[in-house]
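Structure first, then comments.
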Amino acid sequence: MGTSDRAIGTFETPVGPITVSSDGRSVVGLEWRSSPADAAGGEPDRDHSAGARDLDRGQATDGRMDPILVEAIAQLRAYFDGRLGDFDLPVAFGPISDVAKAVLTTLSETVEAGTTVTYGELAEASGTGIPARAVGGIMGLNPIPIIVPCHRVIAGDSLGGYSGGLPGHELETKRRLLEWENALPQPLF
């Protein structure tokens with residue numbers, strides 16, 4: 001399925017404008033934009049490209065609904081309103097390795113809001129036999145940050161890295177998400 005078959009929409013969050021996308025069966029992407037209009041053809045909350053749907057109503061231009069996108073937006077808004085910690089959405093990671101899928105699935109299913117895990121702990125929990133350093137690389141491949149909470153994966157002695165957020169503000173975004181969840185480890189303040 002091509003990108004023109006995706007339902008997408010952009011909206012403001014406390015960590016910057018994000019675009020979420022769905023293929024009608026799963027959430028397939030979440031990324032930051034420099035402004036809501038950046039991804040939306042000049043208008044916040046809309047994308048007028050072929051196959052795109054209006055985010056706020058979850059409708060295609062032909063009137064079809066995208067319930068996955070509607071639910072993803074509802075859950076993301078609830079998260080940023082402080083009413084939701086963990087997401088319950090179908091996700092599809094796209095063309096990544098089985099090992100990467102196993103690590104991201106383990107993260108999504110076992111690391112709850114308000115908690116963190118180290119790269120090494122996640123490597124062990126995934127059962128893949130990969131080293132901690134490889135987990136860091138896999139976190140950078142995550143196409144659905146926040147929903148698949150790679151911001152909750154930290155180094156043993158620091159926040160580690162983060163590829164989400166606006167350019168130049170990646171670690172600040174990770175810190176803010178962990179603070180939002182009251183999960184910033186005390187020694188890292």
Side-chain angles (χ1 to χ4, degrees), residues 1-10 13 15-16 18-33 39 47 49 51-52 66-69 71-73 75-76 79 85-175 177-178 181 183 185:
M1 190 172 275
T3 57
S4 64
D5 297 328
R6 290 184 179 180
I8 64 172
T10 302
T13 74
V15 291
I18 60 172
T19 295
V20 63
S21 57
S22 163
D23 66 5
R25 295 178 305 277
S26 303
V27 176
V28 296
L30 187 149
E31 59 188 316
W32 276 261
R33 300 297 181 174
D47 182 305
S49 63
D66 185 341
I68 299 297
L69 184 60
E71 184 60 23
I73 292 304
Q75 288 189 32
L76 282 160
Y79 172 82
D86 296 307
F87 296 89
D88 184 18
L89 295 163
V91 296
F93 297 116
I96 62 174
S97 72
D98 290 343
V99 169
K101 286 178 187 173
V103 171
L104 290 171
T105 299
T106 300
L107 169 64
S108 184
E109 293 176 351
T110 64
V111 184
E112 297 177 352
T115 65
T116 58
V117 63
T118 66
Y119 295 102
E121 291 167 341
L122 184 56
E124 185 176 326
S126 73
T128 58
I130 62 171
R133 182 177 23 233
V135 170
I138 290 169
M139 295 303 101
L141 297 175
N142 180 7
I144 316 166
I146 303 176
I147 293 171
V148 177
C150 53
H151 62 279
R152 296 179 190 155
V153 184
I154 61 172
D157 61 353
S158 70
L159 285 179
Y162 193 61
S163 59
L166 295 171
H169 299 278
E170 294 88 350
L171 280 178
E172 175 187 342
T173 300
K174 183 174 188 170
R175 178 180 289 276
L177 289 168
L178 290 172
E181 296 180 3

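Start at 1 with the first residue, then count along the sequence. Since this is a predicted model, take the numbers as computed values, not measurements.
For F87, the ring pair (Phe, Tyr, Trp, His ring centres under 6.0 Å) partners are Y79, not counting sequence neighbours. In this structure, the salt bridge (Lys or Arg N to Asp or Glu O under 4.0 Å) partners of E31, at least two apart in sequence or on a different chain, are R33. For A102, the side-chain contact (heavy atoms from CB on, under 4.5 Å) criterion is met by T128, not counting sequence neighbours. Contacts of P131 classified as side-chain contact (heavy atoms from CB on, under 4.5 Å), with partners at least two apart in sequence or in another chain: A134.
For the pair P149/L107, a side-chain contact is recorded, criterion being any heavy-atom separation below 4.5 Å from C-beta on. In this structure, I68 and R25 have side chains that are not in contact, with every pair of non-hydrogen atoms separated by 4.5 Å or more. In this structure the side chain of T19 never reaches within 4.5 angstrom of the side chain of W32, judged on heavy atoms. For the pair V20/L76, a side-chain contact is recorded, criterion being any heavy-atom separation below 4.5 Å from C-beta on.
Residue pairs meeting the ring-ring contact (aromatic ring centres under 6.0 Å, His included) criterion with at least one member in residues 140-169, sequence neighbours excluded, do not occur. Residue pairs meeting the salt bridge (charged side-chain N to carboxylate O under 4.0 Å, His left out) criterion with at least one partner in residues 145-156, sequence neighbours excluded, are D86-R152, R152-E181.
Heavy atoms of other residues, nucleotides or ligands lying less than 6.0 angstrom from CD of E124 number 12 at most.
Remark: I73 CD1 to I18 CD1 distance equals 6.5 Å, nearest 0.5 Å. Note: L69 CG to S21 OG = 8.5 Å, rounded to the nearest 0.5 Å.
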Show me the side-chain donor-acceptor pairs of residues 109-123 shorter than 3.5 Å, one per line, residues at least two apart or across chains.
| residue | atom | partner | partner atom | Å |
| --- | --- | --- | --- | --- |
| T110 | OG1 | T106 | O | 2.6 |
| T115 | OG1 | E112 | N | 3.3 |
| T115 | OG1 | E112 | O | 2.5 |
| T118 | OG1 | E121 | N | 3.0 |
| T118 | OG1 | E121 | OE1 | 3.4 |
| Y119 | OH | G161 | N | 3.2 |
| E121 | OE1 | T118 | N | 2.9 |

Enumerate, atom names and distances included, each donor-acceptor pair closer than 3.5 Å involving a side-chain atom of residues 137-148, sequence neighbours excluded.
| residue | atom | partner | partner atom | Å |
| --- | --- | --- | --- | --- |
| N142 | OD1 | I144 | N | 2.9 |
| N142 | ND2 | V148 | O | 2.8 |

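Looking at K174, its side chain never comes within 3.5 Å of a backbone N or O of G165 through a donor-acceptor pair. With hydrogens and angles ignored, the 3.5 Å screen pairs a side-chain donor or acceptor of E170 with a backbone N or O of G168. Of the possible polar contacts, one joining the S22 side chain to the G24 backbone as a donor-acceptor pair under 3.5 Å is found.
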